[in-house]
Structure formats: structure tokens, C-alpha cells
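Contents: one structure, followed by commentary.
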Amino acid sequence: MTETIPTPTTQPAAEPAKTRRPLRLSIVLLWVGVLTLIALLGWGLLNSTAERPEVGQQAPDFDVEFFDGYGWDGRTTANLADMRGNVVVLNFWASWCVECRDETPMLESAWQRYADQGVVVLGVAYADVEPNSLAYMKEFGVSFPHAPDLGTDISQTYEITGVPETFIIDKEGVIRHVQIGAVNTAMLDQIIPGLLAQ
Amino acid sequence: MTPRYRLVRWLVLALLLALLPSVALAQDDSTITDDEVNEVAKDLYCPVCESTPLDVCPTQACADWRELIRTKLAAGETRQDVLDYFARQYGDGVLADPPRHGASLIVLWVLPVLLVLLGGLLFVRLLRGMRATGPAATVAGMTDTVATGPATVAPPRVDEHRGDESLDDYIARVERELKE
């Protein structure tokens, strides 16, 4: 048996266009898929490489809901913008953090000495269990404002690497010092008066 | 029975009654086993050590969290209540199975589906390309040159490839060369 193979020129002119349509759709889908993928990867990359706020940058705003009895200025909730005009010592801590136990008395001492000069020491309990946070604050007899890091939103915004970690923010809301690890009295007494004088 | 003995008996009874609620609470706490705690904890992730399930994490932070789970289960909260509490308190990131909305919906569900679709399309394109450049296509091209003569092999039908632009181009080029 023999078979004659028709050449493409023997085909009706309209047919190729009809049969090509699904292919074009697939190419469009392919490109849409590739572009969407690139966009998603870019978006993910941007999110994952969000850098921690550094010295000289504006401190990101955040909301806090203070622990009962540990509010600020008679408030039960506040945000960082409310504290503008004050030097803010933003301290991340946890009751399970051993190093925090060294710095908490120093932060309380700084609060006692500088509160009436326009300094807010704000403790943010990171990944801590509320009863343990309350017990810790009671144990150290702290009186400065404290709030839980609800949803770990604040620690994520500030990209903290662990606890303790402290950001000292000036009256204009600019970060002037970042301390990874515990702060101490000498450090606080060196930084805070300078910022108050500005 | 002397009045003094009667008084002591009433005092002892009153003391036992006063202690009863605390004894009952203590029993509630102790009835929650480590296995029950870990059954919930395995669906949570340690906030401090990344990618470590809560039930196996050795840090103090996680030990505290497990104790909180025990307390909540003892208080009658369900597994879902406990998971909801942790998500509310510490963010969706601590859940092993985060809710499907926002970024997690895109990353965990939309992206894999897109990747599979894209992979499928690429695979189909690759197969078509292989068919177009494979031996069958070569035979088809050769037999075109003897289109009017007898074919010694059963060639694939040219119109099988219709719609494949690369093959159409190839056939057109062969035809041009033949005319020359």
C-alpha cells in the first residue's frame, strides 16, 4: 500500500488558523503564568528582605495595649506617635530571658530618674506568657509602662533578633541607638541626657 | 461526746470543706497529660527557634507555652480554642497550619497551583517541540519530497503537526529549497 502525503499547501487556508488557536491560548497562559510567578517571587523577596530599622531612620509606628496597671500617661492603649516629643526607650524582653533579669532594674532606675524630664521607658514582652510577664514585673517591682507584643507585630516590625533588645528613639521619632543585648546604667546615662538636650 | 470533741470534729470538717475546691482544681490540672498537651503543641511552632514544633522545642519559652496549653485544657478549653488564642496572641506565624488568607493563601495555595500549571504547559510545549524535531518529523519532511511517489515507510500524517509553528516554518523552508 502506498500513501500520498499531502503537502501543507493542499490544506484549506482557513484551517491552520482554526487549529492554531488553542496553541496561542496556551502561550498566553504560559506568559501570564511566568509573569505572575515572577511578580509573586519579587513580592516575596521584598517582604523577606525587609530590613530592620537602623540608627538615623524614623522609628516605625506601632500600637500597644498595656498590661493592666502598667499603662502610660493614664492610657490603656497608645501608639508610638502619641509619645512624640519624648525620648522613648523601647525595650524588648521576656520573663524567660536570663539576660533581661540584669537590665530590668537598670531600666526601672532610668525610668525613676528621667520620667519627669520627658523620657518614656516602654517594655514590650516578646513571645511571653501573660501570667509569667505579670509575675516578672511584680518580682522586679517595675513601674514603667509595659505591654505584650500582640501578634508579635512590634518585634516583626523592628526585626529584632532576640531579647533583650533596645531601641532608643529621640523626640522627633528618629532611632538614635540600637542595643542588641542588655543595656546598662552607664549607657543609658550617656545617651539619654544628650537626647533630652536636643 | 464532750463539747470540746464536738467542736474539734466540726473544725476538721470545715477545714476539709474549705480545701475541697483547691483539691478539685489540682486534680483538673494533673489530669492533663503531656501527650494531651503535645497533641496541641505539635500544631504550634516555637517563637524563638525557627521551624521547631512546640512539642519538641527545649527552650524555656516553649516550656512556658506548653504549660499554658495545659492550663487552658484543664480549664475546659478545646484544642481549637487554644490554637485560636495562640494565633491571636502571637500571630498566625506560630500555627503549623496557618489560615488561608492574605499572604499565606498566595504562598501556600495559589503559588503551588500556578507552578503546577506552568510546569504542565512547559511539559506540553517540550513534548511538541520534541515531536517536531524528532525522527518522525524528519521522515515527514523527506517524504514530502516524493509526495507523488510511493512511500516505502508509513509516514506520520503531516496534518498531525498542523498548528505547530516551528513545523510549519520547517515545511515551508523545505518547500522553498525544493523549488530552488
Side-chain angles (χ1 to χ4, degrees), chain A residues 1-12 15-41 43-44 47-48 94-98 125-133 135 148-156 161-163, chain B residues 46-48 59-68 71 87-94 103 106-107 110-111 114-115 117-122 124-125 128 139-140 142-159 161-165 167-168 171-172 174-175 178:
Chain A
M1 292 290 287
T2 60
E3 187 180 350
T4 301
I5 303 168
T7 61
T9 51
T10 59
Q11 296 296 322
E15 199 173 309
K18 203 180 285 180
T19 53
R20 274 178 197 160
R21 193 168 295 152
L23 181 67
R24 284 179 183 160
L25 181 66
S26 72
I27 289 173
V28 169
L29 281 176
L30 192 68
W31 276 107
V32 167
V34 168
L35 292 175
T36 309
L37 195 61
I38 290 171
L40 283 173
L41 287 174
W43 176 71
N47 277 347
S48 65
S95 65
W96 42 262
C97 158
V98 177
Y126 166 72
D128 207 2
V129 175
E130 185 167 334
N132 295 7
S133 298
D149 184 12
L150 289 176
T152 61
D153 287 342
I154 308 172
S155 51
Q156 282 184 44
T161 54
V163 282
Chain B
C46 172
V48 182
T59 62
Q60 184 57 46
C62 288
D64 290 349
W65 279 30
R66 287 194 293 271
E67 278 314 301
L68 183 61
T71 304
R88 202 168 47 246
Q89 200 74 11
Y90 305 107
D92 291 342
V94 301
I106 292 171
V107 173
V110 176
L111 200 59
L114 274 178
L115 280 173
L117 282 176
L118 199 61
L121 280 172
L122 283 171
V124 169
R125 291 282 297 162
R128 286 188 174 203
V139 171
M142 287 171 66
T143 51
D144 273 354
T145 63
V146 288
T148 52
T152 52
V153 289
R157 290 161 54 85
V158 169
D159 56 1
H161 303 290
R162 191 153 305 285
D164 190 325
E165 287 175 349
L167 187 56
D168 289 348
I171 291 170
V174 169
E175 283 180 342
L178 281 174

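Nothing here was measured: the structure is a model prediction, and the numbers come from that model. Labels below follow one simple rule: chain letters A, B, ... track the order of the sequence lines, proteins then strands, and each chain is numbered from 1.
Expressed to the nearest 0.5 Å, how far CG of A/Asp153 lies from OH of B/Tyr90 amounts to 13.5 Å.
Of all the listed residues (B/Gln89, B/Gln60, B/Glu67), the one sharing the greatest number of non-hydrogen pairs under 4.5 Å with chain A is B/Gln89. Ranked by heavy-atom pairs shorter than 4.5 Å toward chain B, the options A/Thr36, A/Val32, A/Val34 are led by A/Val34. If you tally non-hydrogen atom pairs under 4.5 Å between each of B/Leu121, B/Leu117, B/Val124 and chain A, the highest count goes to B/Leu121.
Only the side chain of B/Leu68 comes within less than 4.5 Å of a heavy atom of chain A; its backbone N, CA, C and O stay farther away. Contact of B/Leu122 with chain A is made through backbone and side chain together, with heavy-atom distances under 4.5 Å.
With sequence neighbours left out, A/Glu130 forms a salt bridge (charged side-chain N to carboxylate O under 4.0 Å, His left out) with no residue at all. Remark: A/Ala135 engages no residue in a side chain to side chain contact (heavy atoms under 4.5 Å, CB included) (not counting sequence neighbours).
The nearest pair of heavy atoms linking B/Trp65 to A/Ala127 is NE1-O, 3.4 Å.
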